[in-house]
Each structure stands twice: as structure tokens, then as C-alpha cells.
Engineer: 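I'd like to ask you about the structure that follows.
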Amino acid sequence: MADLMQTRLASPLAGRIGDSRMREMPRATRVSLRLKPEAIEAAGAALEVDLTLGMNRATESGSRTAIRLGPDEFLLIAPVADTWEAFEAALAAVLTPRDHALADISHRQLGVSIEGPDCTAMLNALCPLDLDLAAFPVGMATRTLFGKADIVLWRTADTRFHIEVWRSFAPYLWGLLATIGREYPDQ
């Protein structure tokens, strides 16, 4: 099912004029995972990704990313070949259904990368967080707003961010970033 959804959904950003600092990330499997606290370590071992990371932190393990959005809430991002069914099978081998909730959200959202020396200022134009490197270091990730769009923002390097946004808000986000980018000439 996830494969069908991935192939049928055209990118809402296809053909849009943007800014060379922005790019749409490749299609991926995205999974929302909720866990009982006592199941976090076992789930992380089964999924081969560290889920014991602190709040509002992201970690990468091989080709998988885990972002901890709440005490029991994680966003998992993996290549399309890592299907929801593979995640579910790995968890079912070590947990009971009462220990976790897993939802495939691959069709709901997409990723956008923004990088360059002005990317922090561009994001801070419409994001209420303090994105200074000291306040929002590499590896930090959180749910926040950009304008009126709900996003997950993850700092992947000093001058690079990964944004997860709902597909329906992607053109809005892209357009705002392109407009703001005009104030910061591309280097």
C-alpha cells in the first residue's frame, strides 16, 4: 500500500521556482511512532536506531533517522525501501500491540532542505524559535510553526536545516522561503 501511495503522489513542489538554497528531499518512508517508556530501548534495538535520545533531538543510524518529538513520540524517516510493514514486523517481534502505536505518514508529508550562510535568518523571518547555533544546535529538532504551517525543524549542520512539512502546506512553505530568500542574495 505504501509503495502505491509513494508512486501515485506527484510532488506538490514540481516545477516551482525556488531558491538554490532550497531543495526537496527524496521520497522517504515516514512513520509516526508512539511508545510506552518501558518499551523505548527494545523498540530502538529492533529498529536499529537509538530511541533513547533526549527530547527534541534527532539521531541517524545508517539510513534511518529518529526524531524525538515528545516523551513517547518519535518521527522515523527512512528510505522508501524501508516500508511501514518492515517497521511493524520488527516491533511486533519484541513488543506487544499495547506497547506501541505505529502509523505510516509517508503520504502526508515531505522533506525540504535549506542551507547556506543565511538559512537561519531566512527561517527566523517566520519561525518564532531562537535558531542561533547556541540555542538550537546541530542535532536539535522540534515541531514548530513557519508562518501558518506546522513543521518539524531539524538542524543537520551549522548552516543546514531539514524541514518536514505536510504536503498540502509544501507550496506555501516553498513560496514563503523563496520570497524571503530575495532579501538574502544567494552566495
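All residue numbers refer to positions in the sequence shown, counting from 1. Below, each value reflects all heavy atoms present in this structure, side chains not excepted, and no hydrogens, waters or symmetry copies.
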Engineer: Tell me the closest heavy-atom pair linking Ala90 and Ala46, and the distance in Å.
Structural biologist: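 In terms of heavy atoms, the two residues are closest at O-CB, 3.5 Å.
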Engineer: Spell out, as yes or no, whether a donor-acceptor pair under 3.5 Å connects the side chain of Ser32 to the backbone of Ala103.
Structural biologist: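 No, because the side chain of Ser32 does not come within donor-acceptor range (under 3.5 Å) of the backbone of Ala103.
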Engineer: Would Leu177 and Leu123 count as a side-chain contact (heavy atoms from CB on, under 4.5 Å) if you check the C-alpha gap in whole Å, the side-chain angles of each, and the deciding distance to 0.1 Å?
Structural biologist: CA-CA 8 Å; Leu177 285 171; Leu123 288 168; 4.1 Å; yes
Engineer: Side-chain donor-acceptor contacts of residues 66-80 below 3.5 Å, not counting sequence neighbours, with atom names and distances?
Structural biologist:
unit_1	atom_1	unit_2	atom_2	d
Arg68	NE	Gly70	O	3.3
Arg68	NH1	Leu53	O	2.9
Arg68	NH2	Pro71	O	2.7
Asp72	OD1	Arg34	NE	3.3
Asp72	OD1	Arg34	NH2	3.0
Glu73	OE2	Arg143	NH2	2.7

Engineer: Return the CG to CG distance between Asp118 and Asn124, rounded to the nearest 0.5 Å.
Structural biologist: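 These two atoms lie 12.0 Å from each other.
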Engineer: Under 3.5 Å, side chain of Thr156 to main-chain N/O of His162, donor-acceptor pair present?
Structural biologist: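 The answer is no, because no donor-acceptor pair under 3.5 Å joins these two groups.
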Engineer: If you round to the nearest 0.5 Å, how far is CH2 of Trp154 from CZ of Arg57?
Structural biologist: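 Between atom CZ of Arg57 and atom CH2 of Trp154 there are 11.5 Å.
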Engineer: Do Arg155 and Thr120 have side-chain heavy atoms sitting under 4.5 Å apart?
Structural biologist: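 Side chain of Arg155 against side chain of Thr120, heavy atoms only: contact under 4.5 Å found.
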Engineer: What heavy-atom pair brings Tyr172 and Lys148 nearest, and what distance separates the two atoms?
Structural biologist: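 Minimum heavy-atom contact is OH-N, 2.9 Å.
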Engineer: State plainly whether one hydrophobic cluster holds both Met122 and Phe161, where clusters connect Ile, Leu, Val, Met, Phe, Trp and Tyr through side-chain heavy atoms under 4.5 angstrom apart.
Structural biologist: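 Yes; tracing contacts between hydrophobic side chains, which count when under 4.5 Å, links both residues.
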Engineer: Would a single hydrophobic cluster contain both Tyr184 and Val112, if residues Ile, Leu, Val, Met, Phe, Trp and Tyr are joined by side-chain heavy-atom contacts under 4.5 Å?
Structural biologist: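 Both belong to a single hydrophobic cluster.
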Engineer: Hey, are the side chains of Ile151 and Thr144 touching, using non-hydrogen atoms and a 4.5 Å cut-off?
Structural biologist: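 Side-chain contact under 4.5 Å: yes.
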Engineer: Is the CD atom of Glu183 crowded by more than 12 outside heavy atoms at less than 6.0 Å?
Structural biologist: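 Counting neighbours around CD of Glu183, 12 or fewer heavy atoms of other residues, nucleotides or ligands fall under 6.0 Å, so no.
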Engineer: Run the side-chain contact (heavy atoms from CB on, under 4.5 Å) test on Glu164 and Arg108 for me, step by step, so that the C-alpha distance in whole Å, both residues' side-chain angles and the decisive distance to 0.1 Å come before the verdict.
Structural biologist: CA-CA 10 Å; Glu164 286 289 312; Arg108 181 182 81 185; over 6 Å; no
Engineer: Apply side-chain contact (heavy atoms from CB on, under 4.5 Å) to the pair Asp150 and Phe169, showing each step before the final yes or no.
Structural biologist: CA-CA 8 Å; Asp150 180 33; Phe169 279 98; over 6 Å; no
Engineer: What are the two closest heavy atoms between Leu51 and Ile40, and how far apart are they?
Structural biologist: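 Nearest pair, atom of Leu51 first, then Ile40: O-CG2, 3.3 Å.
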Engineer: Do the numbers put Arg64 on top of the ring of Phe87, so that NZ or CZ is under 6.0 Å from the six-membered ring centre and no more than 45° off the axis?
Structural biologist: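 The answer is yes, since Arg64 meets both limits relative to Phe87.
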Engineer: Anything under 3.5 Å between a donor and an acceptor, one on a side chain of residues 125-141, the other on a protein residue two or more places apart or in another chain? List them.
Structural biologist:
unit_1	atom_1	unit_2	atom_2	d
Asp130	OD1	Asp132	N	3.0
Asp132	OD2	Ala134	N	3.0

Engineer: If you define the side chain from C-beta out and look only at heavy atoms, does anything of Ile163 sit under 4.5 Å from Val152?
Structural biologist: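 Heavy-atom side-chain distance check fails, nothing below 4.5 Å.
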Engineer: Let me confirm one number: the CG-OG1 distance from Leu153 to Thr142, rounded to the nearest 0.5 Å.
Structural biologist: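 So the gap between those two atoms works out to 8.0 Å.
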Engineer: To the nearest 0.5 Å, tell me how far Arg167 CZ sits from Gln109 CD.
Structural biologist: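 So the CZ of Arg167 and the CD of Gln109 are separated by 10.5 Å.
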Engineer: To the nearest 0.5 angstrom, please state how far the CG atom of Leu33 sits from the CD1 atom of Ile105.
Structural biologist: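 Separation between the atoms: 10.5 Å.
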Engineer: Which pair of non-hydrogen atoms, one from Thr159 and one from Pro117, has the smallest distance, and what is that distance?
Structural biologist: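 In terms of heavy atoms, the two residues are closest at CG2-CA, 4.3 Å.
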Engineer: CE of Met25 to OG of Ser113: how many Å apart, nearest 0.5 Å?
Structural biologist: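 It is 5.5 Å, given to the nearest 0.5 Å.
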Engineer: Walk me through it: do Lys36 and Leu95 pass the test side-chain contact (heavy atoms from CB on, under 4.5 Å)?
Structural biologist: CA-CA 10 Å; Lys36 286 186 174 180; Leu95 301 176; over 6 Å; no
